[in-house]
Structures are given as C-alpha cells and as structure tokens.
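All values below come from the heavy atoms of this structure, side chains included, with hydrogens, waters and symmetry mates left out. These numbers were taken from a predicted model, which means no experiment stands behind them. For this chain, numbers begin at 1 and follow the sequence in order.
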Amino acid sequence: MYSKLKLISGHANLPLAEEVASYVGVPLTDIELFKFSNDESFVKINENVRGADVFIIQPTCRPVNDNLIDLLIIIDALKRASAQRINCVIPYYGYARSDKKDQPRVPITAKLVADLLTVAGANRVVTVDLHAEQIQGFFSIPVDHLYAIPIFAKYFQNMKLENPVVVSPDSGGANRARALAKRLNCGLAIGDKRRVENIDKTELLNIIGDVTDKTAILYDDIIDTGNSLIKVADVLKTKNVKNIYAACTHGVLSGSAVKNINNSYIEKLFITNTVPLTEEAASCTKIVQLSLADMLARAIKKIHTEESLSVLFN
Ligand code: R5P
C-alpha cells in the first residue's frame with residue numbers, strides 16, 4: 001500500500017488537473033515549471049515526494065512537443081526525488097495516430113513516446129480512448145485505459161433522442177461506435193472513408209447502414225481538422241437524416257476546425273475536456289464540453305488503493 005498520494009500538473013491542462021484534484025480531495029503539489037530564454041524546459045518540485053504515490057496529470061496536447069518534454073522532465077525529477085511510484089495520467093495521448101508503419105520509411109511515434117516515458121521512469125500510464133487499443137501493447141508497464149463512452153451514453157440517454165443511430169466515420173472506429181450504439185440500444189452505420197495522399201486528406205464514398213429519418217450521432221475518438229466528420233455529415237444530409245450530432249472524446253480542433261463545424265450540418269458537437277478549449281472553441285455555441293474529471297479522480301483513488309477499475313466502465 002502506498003502512503004502519500006500526490007497530484008502534479010504540468011501546463012497542458014491546468015483546469016482539468018484542478019478539477020480532478022478537487023474530486024480527489026488532494027491539492028496539486030507546488031512545482032515550478034518554466035522555459036529558460038534558450039527554450040530549454042526546467043522543473044523543480046517544491047514539496048517532499050519521497051515514498052509518495054505520484055500522479056502527473058499532463059495530456060500531450062498542443063503544444064505537443066513542449067507538453068511531452070515537460071512530462072518527461074517531471075518524471076525524471078520525481079524519480080530522482082525518490083517518489084515510490086510515478087503514474088502518468090495522459091488523458092489525451094498525442095502521436096497516437098502514428099501507430100503503424102503503413103508507408104516506407106516512417107516512424108511509429110506512439111511507440112517511441114511509450115519508450116521515452118518508460119525510460120524516463122514512469123511506472124504506469126492512465127489514459128482515455130487511445131486511437132487504437134493496441135497502443136497499450138507499446139508499453140511494458142501497466143496501462144489503465146479508460147473510456148468516455150459511459151459519459152456520452154448518459155448524456156445522450158438524458159437527451160431522449162428520437163430514433164437514434166450511431167455513425168462511425170470509418171471502419172477503424174466501428175467497434176467504438178458499436179459500443180455506444182449498444183449502450184443506447186440503437187443501430188449502427190459506418191462511413192466508407194478512403195484515405196487520399198495523407199492523414200488530413202480523406203474522401204468519404206458512402207454510408208453503410210440505415211440512417212433515413214433517424215437522428216445521427218457521429219462518434220469518433222478525435223476531432224482534429226473536423227474534415228472526417230463534416231464529410232460524413234454532408235453525405236448523411238443527402239440521405240434524409242433528421243438531426244446530426246457528433247461526439248468525440250478528444251477535441252483537438254486545429255486550424256479552421258471550429259469555423260468549419262459552425263458552417264457544417266453538425267448541429268452540436270460534444271467533446272470532453274481531455275484537451276483544453278481554445279477561446280474560439282469555447283465561444284462556439286455548437287460545441288458542448290463534458291468533463292471527465294470525476295472519472296479520472298475515481299480512477300486515481302482506486303489505483304492508489306489498489307482496487308479494480310472495472311466499475312468505471314459501467
Ligand atoms: C482517424 O482515424 C481518427 O479516428 C479521426 O477520424 C481523425 O483523426 C479525425 O481527424 P480530422 O478531424 O482531421 O478528420
């Protein structure tokens with residue numbers, strides 16, 4: 001059993017870390033984290049962490065490389081300060097989409113990041129909706145993989161949607177969408193998405209499944225440029241779908257994503273707070289952010305007391 005539970009946040013998502021800390025009932029540990037004028041990062045833990053069970057809350061979202069390096073140096077500082085166990089809570093795992101060598105001479109950056117975290121001294125990773133479940137296997141340390149599905153399912157159940165159907169924008173997300181459809185007790189449709197040139201350029205050819213006269217819930221792990229979902233919404237519109245909603249765990253929302261969503265057939269986009277909202281996204285009336293803080297806090301408390309996490313999936 002671990003004696004002291006400590007929570008540390010980098011700069012990646014302080015509002016989420018503060019919310020988690022208030023649910024756990026433990027204040028964030030005081031640290032100094034800054035960049036020198038030469039752009040090198042520095043961290044100092046201002047409290048004793050010797051023998052502590054430390055949870056670092058740091059999604060590796062934008063600025064991805066800075067947040068990743070900050071996480072690595074916090075781990076290193078904790079290791080050298082004799083923390084007993086170092087748990088990395090990475091609600092959004094950056095580089096997750098670089099998970100296979102699907103072209104000649106490309107890296108598998110998701111695996112490289114797993115190696116960096118492990119070599120730095122991480123003892124465990126807690127994350128949410130990895131782009132691919134298999135990324136857990138990139139680690140040789142325990143990975144607690146949590147899901148936003150219970151939170152979205154509860155929200156949609158409360159909305160009492162008429163005749164819903166869950167739509168996965170591509171076959172890769174079908175299992176995830178099927179799990180939501182099962183919870184909502186409704187049908188599933190799948191977009192036939194073909195990739196053209198690179199990850200940001202995709203072409204949607206058709207929708208497989210019955211969507212006519214239904215309320216579509218587009219469901220994906222990440223919304224980045226928004227292109228994938230907006231293209232599916234365009235096709236759905238031609239198939240007499242009544243309403244179009246979208247739900248994605250990680251609201252990366254880069255480039256003109258918010259503007260494009262505003263101009264799209266998507267009526268509401270539900271995301272979680274794994275990634276902090278930009279000002280533009282926060283002021284967009286189509287975007288609704290649901291909090292995962294309670295779920296993360298419950299996971300942290302259970303990991304600390306060595307209890308099963310299965311209850312969090314219900
Ligand atoms: C791809 O396989 C992912 O699950 C997402 O569909 C994709 O990354 C979303 O990116 P974007 O919003 O740029 O289309």
Side-chain angles (χ1 to χ4, degrees), residues 57-61 64 68 71 87-103 106-118 122-154 166-184 188-193 195 199 202 208 217-224 228-229 232 246-252 270-275 290 292 295-296 298-300 302-303 308-314:
I57 303 167
Q58 176 87 335
T60 45
C61 51
V64 178
L68 176 60
L71 175 57
N87 308 277
C88 299
V89 182
I90 312 173
Y92 169 71
Y93 187 83
Y95 288 112
R97 286 174 288 177
S98 174
D99 62 350
K100 55 182 126 12
K101 189 168 181 283
D102 54 0
Q103 301 168 52
V106 295
I108 303 181
T109 317
K111 162 70 171 141
L112 176 63
V113 170
D115 289 344
L116 289 170
L117 292 167
T118 312
N123 301 115
R124 169 185 302 274
V125 166
V126 181
T127 189
V128 183
D129 284 330
L130 284 169
H131 177 62
E133 297 257 4
Q134 298 89 311
I135 293 172
Q136 294 172 63
F138 291 175
F139 289 88
S140 51
I141 53 175
V143 176
D144 288 310
H145 188 202
L146 308 176
Y147 303 91
I149 278 200
I151 292 162
F152 285 128
K154 195 170 164 199
V166 178
V167 184
S168 171
D170 55 29
S171 55
N175 280 347
R176 190 180 298 118
R178 190 177 293 111
L180 180 62
K182 199 171 158 199
R183 282 177 190 254
L184 298 180
L188 171 73
I190 299 170
D192 182 18
K193 185 172 96 172
R195 208 171 281 300
I199 197 154
T202 53
I208 302 159
I217 304 170
L218 295 171
Y219 191 49
D220 212 349
D221 56 333
I222 301 171
I223 177 158
D224 189 348
S228 308
L229 291 193
V232 186
C248 300
T249 307
H250 310 294
V252 174
F270 301 93
I271 54 175
T272 76
N273 55 350
T274 58
V275 175
L290 309 179
L292 295 178
M295 180 180 77
L296 291 173
R298 289 170 68 201
I300 288 170
K302 286 185 181 299
I303 292 165
S308 164
L309 299 191
S310 302
V311 69
L312 300 178
F313 306 135
N314 299 324

Ignoring hydrogens, what is the shortest heavy-atom contact between [X] and [Y]? Give both atom names and the distance.
X: K302; Y: S308; result: CD-O, 3.2 Å
X: A177; Y: L188; result: CB-CD1, 3.5 Å
X: A96; Y: I135; result: O-CD1, 3.4 Å
X: A110; Y: Y93; result: O-OH, 2.7 Å
X: N123; Y: I141; result: O-CB, 3.6 Å
X: A148; Y: L292; result: CB-CD2, 4.1 Å

Next item on the list: Could you tell me which residues satisfy side chain to side chain contact (heavy atoms under 4.5 Å, CB included) with K101, sequence neighbours excluded, listed by chain and number?
Entry: V106, I108

Checklist line | Partners passing side chain to side chain contact (heavy atoms under 4.5 Å, CB included) against L290 (at least two apart in sequence or in another chain) | finding: I151, F152, Y155, V288

When rounded to the nearest 0.5 angstrom, what is the spacing between [atom1] in [X] and [atom2] in [Y]?
X: L117; Y: L68; atom1: CG; atom2: CG; value: 6.5 Å
X: H145; Y: F139; atom1: NE2; atom2: CZ; value: 10.5 Å
X: C88; Y: L71; atom1: SG; atom2: CG; value: 5.0 Å

[X] (side chain) donor-acceptor with [Y] (main chain) under 3.5 angstrom:
X: T272; Y: T249; answer: yes
X: H250; Y: V128; answer: yes
X: Y219; Y: A179; answer: no
X: T60; Y: Y92; answer: yes
X: T127; Y: I90; answer: yes
X: N175; Y: R178; answer: no

Note to self: Please enumerate all residues that pass ring-ring contact (aromatic ring centres under 6.0 Å, His included) together with Y95, with sequence neighbours excluded.
What the structure shows: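 Per chain and number, Y95 pairs via ring-ring contact (aromatic ring centres under 6.0 Å, His included) with no residue.
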
Notebook entry, point to check: Do L112 and P107 have side chains that get closer than 4.5 Å, going by heavy atoms?
Noted result: no

Next item on the list: Look at R176 together with D129 and state whether they make a salt bridge at an N to O cut-off of under 4.0 Å.
Entry: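 So R176 does not pair with D129 through a salt bridge.
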
